[in-house]
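Presented below is the structure to which this report refers.
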Amino acid sequence: MTAGTWVLGGYQSDFARNWSRAGLGFSDLTEEVATRTLKAAGIEPGDVEVIHVGNAFGQLFTGQGQLGGMPATVLPELWEVPSSRHEAACASGGIAILQAMADLESGRYDVALVLGVELEKTVHGDQAARHLGAAAWVGHEGQEATFMWPYMFSALTDEYDRRYGIDDAHLRAIGALNFRNARANPLAQTRAWELTDASFSADDKVNPLVEGRLRRHDCSQITDGGAGVVLVSDRYLARRPELRGLARIQGWGHRTVGLPLDQKIERSRDDAYVLPHVRRTVTDAFARAGISGVADVGAIETHDCFSMSEYMAIDHFGITAPGESWKAVESGDLEKDGRIPVNPSGGLIGGGHPVGATGVRMLVDAAAQVTGTAGDTQVEGVSRVATLNIGGSTTTAVSLIIGTD
């Protein structure tokens, strides 16, 4: 069982806010997220010993790199605190968390500030899609696509269809669930959106095709935003015996494979799972947490950049047998009051997806769930939450198990 990493506090910005339209940049976003994360954790900037920043596309959307230096730029008390930026496409936040955990568990530091920040609304949506395509194998795949990632996850849908059969109505039901959950989340990007049943139908006017077989409401949104956590070691808690009931990262998994989706699919031809490395990422996290599997988890926050990525996660978590994710969709198992609630926050489709922040946001929400502080998104009686944060066509996969012991 993984030892020594506790969540002292966390913060998420309002994912409905358009920072660029307000004339604000990375300095403003970083200052808000860092300051309010530290306040939530009840510590001062001077208590921070190391900083890890998750960001995927800063240079492409704003021209700004070297974001490891941004926390000290906006908070002078962080001057000279070791800091680095981590990039793994949509899994950048998950990687930043893992690196902070390694620092704490190695004994180098006892207090780590982890920030995930992304600004995506600086350009037109078509240009944003081209920037996001940098997480594929540029020049080698998806060259015929207008929108790279809907194209890729439509191709994953086709592979599921080839192996097992798939009904697109189940994908649209996943989108509907996440939009519905997001209405209860006061920080969700789509919380005020007015949608109807037709929004989750095959109506080409209300819910048009984007690429392949994926439709508008199968897709997460272009989002600005950030999230942060303060992680601390067992040694820190030994010095603060008054701290009780904190969330703890009980287990983790992390695997990385090659960039192309076709390569992933070809390598799994004889495997029950379409993406066996994702399955092993999850089972690694289960094993490190000392649990037998998904039956020991009360809720899941998973990477639904598209409805198909959640459909994939359902069977890869073991909620159903491989290829049978539709059964969990039809049965209501994924609902907030179901057998295994998935994305009670609204996930990426409903909640928003500021790419480098998503893995950190998942941890913030998971920690709130297990400590009973998730407000209107709270799942009753949940004591353990699993996360899955993926980058690209699952090139990078990070899974965490969060509990309170």
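Only a predicted model underlies this, so the values are computations on that prediction, with no experimental measurement involved.
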More than 12 heavy atoms from other groups under 6.0 Å of [atom1] on [X]:
X    : atom1 : value
D167 : CG    : yes
R162 : CZ    : yes
R21  : CZ    : no

Determine whether a donor-acceptor pair (N or O, by modelled atom type, separation under 3.5 Å) exists between the side chain of [X] and the backbone of [Y].
X    : Y    : result
E141 : L261 : yes
W252 : S399 : no
Q189 : R191 : no
Q378 : Q369 : yes
D296 : S292 : yes
H353 : L348 : no
D315 : G323 : yes
N389 : M362 : no

Applying ring pair (Phe, Tyr, Trp, His ring centres under 6.0 Å), can you list everything that pairs with [X], at least two apart in sequence or on another chain?
X    : result
Y160 : Y164, Y311
F15  : none
F306 : F153
F179 : W193, F200, H217

I want to check something: taking the side chain as every heavy atom from C-beta on, are L171 and M308 in contact at a cut-off of under 4.5 Å?
yes
Indicate whether the side chain of [X] and that of [Y] have a donor and an acceptor atom separated by less than 3.5 Å.
X    : Y    : result
D110 : S233 : yes
Q250 : R288 : no
Q221 : T190 : no
S201 : D203 : no
N178 : D304 : yes

Please tabulate, for the side chains in residues 61-68, all donor-acceptor contacts under 3.5 angstrom to protein atoms that are two or more places apart in sequence or on a different chain.
unit_1 : atom_1 : unit_2 : atom_2 : d
T62    : OG1    : G58    : O      : 2.7
T62    : OG1    : Q64    : N      : 3.1

Partners meeting side chain to side chain donor-acceptor pair (under 3.5 Å) with R17 (sequence neighbours left out):
E32
Going by an N to O cut-off under 4.0 Å, is there a salt bridge joining R108 and E49?
no
